Each structure stands twice: as C-alpha cells, then as structure tokens.
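Take a look at the structure below.
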Amino acid sequence: MSPTHFTFSMAFLLGLMGLTFHRNHLLSALLCLEAMMLSLFLALSLWTLELNSTSFSASPMLLLAFSACEASAGLALLVATTRTHGTDHLQNLNLLQC
C-alpha cells in the first residue's frame, strides 16, 4: 500500500471513528461525515489521475455535488432540531416524542 493510499484510508477511518465514538452533538457528527466525504473525494481524484482515464473524470465532481447536498440537508436538520428541541445533543433526540 502506498503512503497516499494509506493516508486517505486513515483519514476516512478517523472520520468514521469520530462519527461512532464522539457523537455528542449533531454538528460534530456532520463534521465527521464531511471529513469522510473529503477523504473520499481526494482519493477518487487521485485514483482518476493515476489511471489517466477520461471516463472516470466526472465521478469526483459527482461525489462532491452529492456531498454538498448532504451538507445542506444536514445543516437544515440541525437548524430544525435546534429550534424544536432547544439543543443539538443527540441523546435528547427521541423519535417517539417528535
């Protein structure tokens, strides 16, 4: 495994570990998701550069577009839950009370 592949896979795994272990606030969960998407975008971009293929050149931009849509939906949910529940703590969110 090359050092760049190791770096991007470790960045993805650190984002995943942050998402699973440190999920006190919704904002921290969203930041971990964005870190995971950023590492996937960089890895996919380098992969298309290594292959010198034009058929895969649109896939990093497509992933980046989906990541932006995911970020906007996450921020909208953050604002909505903060307005309705008064906090963004994930322990206080209960689907049975909504």
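Keep in mind it's a predicted model, so treat the numbers as computed, not measured.
- Minimum heavy-atom separation, Gly18 to Cys32: C-SG, 3.5 Å.
- Listed by chain and residue number, nothing satisfies the ring-ring contact (aromatic ring centres under 6.0 Å, His included) test with His5 (two or more places apart in sequence, or in another chain).
- Hydrophobic clustering, with ILVMFWY side chains joined whenever heavy atoms are under 4.5 angstrom apart, keeps Met37 apart from Met17.
- Grouping the Ile, Leu, Val, Met, Phe, Trp and Tyr side chains by contacts below 4.5 angstrom, directly or via other members, places Met61 with Trp47.
- Each side-chain hydrogen bond (donor to acceptor under 3.5 Å, both in side chains) pair with one or both residues in residues 9-19, not counting sequence neighbours, would appear here, but there are none.
- Residues in residues 63-72 take part in these side-chain hydrogen bond (donor to acceptor under 3.5 Å, both in side chains) pairs, two or more places apart or across chains: Glu34-Ser67.
- Phe8 and Leu14 fall into different hydrophobic clusters, defined by Ile, Leu, Val, Met, Phe, Trp and Tyr side-chain heavy atoms under 4.5 Å apart, directly or through other members.
- In this structure, OG1 on Thr7 lies 11.0 Å from CG on Leu42, to the nearest 0.5 angstrom.
- Connectivity analysis of hydrophobic side chains (ILVMFWY, heavy atoms under 4.5 Å, direct or indirect) links Leu77 to nothing; its cluster partners are none.
- A heavy-atom distance below 4.5 Å is found between the side chains of Leu78 and Leu75.
- Residues Leu33 and Leu44 share a hydrophobic cluster, clusters being chains of Ile/Leu/Val/Met/Phe/Trp/Tyr side chains in contact below 4.5 Å.
- The local environment of CE in Met10 is crowded, with over 12 non-hydrogen atoms from other residues, nucleotides or ligands closer than 6.0 Å.
- Distance check, rounded to the nearest 0.5 Å: CG of Leu19 to CG of Leu13 gives 12.5 Å.
- With hydrophobic clusters built from ILVMFWY side chains whose heavy atoms lie under 4.5 angstrom apart, Leu63 shares a cluster with Leu38.
- Taking each heavy atom of Thr48 and Ser59 in turn, the nearest pair found is CG2-OG, 4.3 Å.
- Every residue was checked against the side-chain hydrogen bond (donor to acceptor under 3.5 Å, both in side chains) condition with Ser39, not counting sequence neighbours, and none meets it.
- Every pair tested for ring pair (Phe, Tyr, Trp, His ring centres under 6.0 Å) that includes a residue from residues 27-46 fails, sequence neighbours excluded, so the list is empty.
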